[in-house]
Amino acid sequence: MIATLPELPLVSQDQRSAILSSPRTAAGHRALMQAIPAMNAVQCGGTASAAVLPDTLSVAAWNVERCLFPQASADLLRAYAPDIVLLSEMDCGMARTGQHHTAADMAMALGMAYAFGVEFHELDLGGPTERHFCTDDFNACGWHGNAILSRVPFTKVTLVRLDDHGHWFASDERDADPNQPRVGGRMALLAVVETSGGPICIASTHLESNADDVHRAAQFDLLMDAIDAFAPNVPVIIGGDLNTGNHMPPNFDWQPEPLFDRARARGYDWSATPKGLTTRPSLITPHPDRQMKLDWIALRGAVPMSTALIPAQDPAGRPLSDHDAVWCRAKIDG
């Protein structure tokens, strides 16, 4: 059961000790996930500015890479007057982002309600290129996850775990990253909001980078199944960092990913995603030679009217993320 809470319970010292002493196995990780209340909850807050959205929506999806600059990130999106914002890699109570609740900060700046769910509980301060930004030697909360911002209240929300076996924790999983010790796993937030064309389901998700295309397709299947159970027979907008092309040599080619055809077979349309690659060098991820197409918007029961790729830079040219934002204007088809 997923709880909806105004605040997420912190990890206690006893729970932290249990995490640190847990066997680094998938079974041990699953037990930890059940024992941490915030892993099974959604935090909702902010202030909606409208009661009902129009039947033509402005939607942005963006991996904000920890969200070092919440105000500047909100300013970048404001020009697109978003009705819905689907966010990945949002920090809450992390030293590297000044202990801010970055989703709440962006929601306040844009005058929107928000839902936030935990992808990972971070056990340390982050990788080497992140420690330069740390304001403290501890994390106040240690939360890192996904968010949905909305101009209208949520009718209902839930969190869907796309894995719980500990890709980034368990030693029996491949390629665990010693620079990012963490408990958790990839997930999606789902919400229903009202429009003048009827209710719609919106989903903010982040698929696994540390895996292959078959693994991601299975995660996306799980997401689609969850949407059908949560909000049957209503239009759907999915947005997020799908990590397409990761572990696919030689050039991070996203095109063979099976998740695209499997989604099309279930009525989803990918043409709401703008053309072009979506990654760039950033202050945290300086990879000038790595260009990938990771970020997508998929529609079902809606049609794209226009799309745009939003460069993740402030007016001075400072990078705000290693991902550009993807945007579409979508009309409910009904």
Side-chain angles (χ1 to χ4, degrees), residues 5-22 24 29 32-33 35-39 41-46 62-76 87-110 114-147 149 166-169 176-185 187 206 209 241 281-286 312 314 316 318-323:
L5 304 173
E7 299 287 341
L8 294 178
L10 297 179
V11 170
S12 69
Q13 189 55 53
D14 285 348
Q15 288 170 331
R16 182 173 175 83
S17 297
I19 292 169
L20 296 177
S21 62
S22 170
R24 294 299 180 103
H29 184 267
L32 292 172
M33 293 285 283
I36 300 173
M39 291 293 183
V42 178
Q43 182 184 13
C44 291
W62 192 11
N63 179 327
V64 199
E65 195 190 25
R66 311 343 184 198
C67 200
L68 287 171
F69 310 108
Q71 183 64 54
S73 298
D75 291 343
L76 183 70
L87 297 169
S88 307
E89 292 200 14
M90 304 297 287
D91 274 0
C92 177
M94 290 289 298
R96 65 196 177 197
T97 41
Q99 311 291 9
H100 283 266
H101 191 330
T102 60
D105 289 353
M106 284 189 67
M108 179 178 292
L110 290 167
Y114 74 85
F116 172 75
V118 176
E119 185 176 64
F120 295 110
H121 174 58
E122 304 283 349
L123 299 173
D124 209 337
L125 301 180
T129 60
E130 297 171 313
R131 291 175 182 256
H132 169 75
F133 298 98
C134 289
T135 54
D136 301 303
D137 61 359
F138 65 93
N139 297 321
C141 304
W143 304 133
H144 182 70
N146 295 348
L149 312 187
H167 237 87
W168 299 79
F169 178 82
D177 184 348
N179 290 317
Q180 300 186 74
R182 47 173 64 168
V183 174
M187 45 77 78
H206 192 187
S209 58
D241 175 3
S282 73
L283 300 181
I284 290 175
T285 310
D314 70 9
R318 177 182 62 178
L320 302 176
S321 171
D322 62 336
H323 292 243

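The basis for the numbers below is simple: all heavy atoms, side chains too, and nothing from hydrogens, waters or symmetry mates. This one's a predicted model, so the numbers in the text were calculated from it and none came from an experiment.
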Side chains of [X] and [Y]: does their closest heavy-atom pair fall under 4.5 Å?
X      : Y      : answer
Met90  : Val64  : yes
Thr135 : Phe133 : no
Leu68  : Leu320 : no
Met33  : Val183 : yes
Met94  : Trp143 : no
Pro281 : Pro319 : no

Once rounded to the nearest 0.5 Å, what's the spacing between atom [atom1] of [X] and atom [atom2] of [Y]?
X      : Y      : atom1 : atom2 : value
Asn63  : His206 : CG    : NE2   : 5.0 Å
Glu65  : Leu283 : CD    : CG    : 8.0 Å
Cys134 : Asn139 : SG    : CG    : 7.0 Å
Asp241 : Ser209 : CG    : OG    : 8.0 Å
Asp105 : Cys67  : CG    : SG    : 7.5 Å
Gln71  : Leu76  : CD    : CG    : 12.0 Å

Okay, side chain of [X], backbone of [Y]: is any donor-acceptor separation there less than 3.5 Å?
X      : Y      : result
Asp322 : Ile284 : no
Ser22  : Ala18  : no
Gln43  : Pro6   : yes
Thr102 : Pro70  : no
Trp62  : His323 : yes
Ser282 : Ser321 : no
Arg16  : Leu123 : yes
His144 : Val118 : no
Gln99  : Ala140 : yes
Asp314 : Ala316 : yes

What closest approach, in Å, do [X] and [Y] show between heavy atoms, and which atom pair accounts for it?
X      : Y      : value
Leu5   : Ala41  : CD1-CB, 3.8 Å
Glu130 : Gly127 : OE1-N, 2.6 Å
Pro9   : Ala38  : O-CB, 3.6 Å
Gly184 : His29  : N-NE2, 2.9 Å
Gly126 : Arg96  : CA-NH1, 3.8 Å
Leu10  : Cys141 : CD2-SG, 3.6 Å

query = Could you go step by step and tell me if Asp124 and Arg131 meet the salt bridge (charged side-chain N to carboxylate O under 4.0 Å, His left out) rule?
reply = CA-CA 10 Å; Asp124 209 337; Arg131 291 175 182 256; 3.2 Å; yes

Plane angle bin for Phe120 and Trp168 - parallel if under 30°, tilted between 30 and 60°, otherwise perpendicular = perpendicular

query = Do Tyr114 and His101 have ring centres separated by under 6.0 Å?
reply = yes

request  = State which residue, out of Arg182, Met39, Gln15, fulfils the side-chain contact (heavy atoms from CB on, under 4.5 Å) condition with His121.
outcome  = Met39

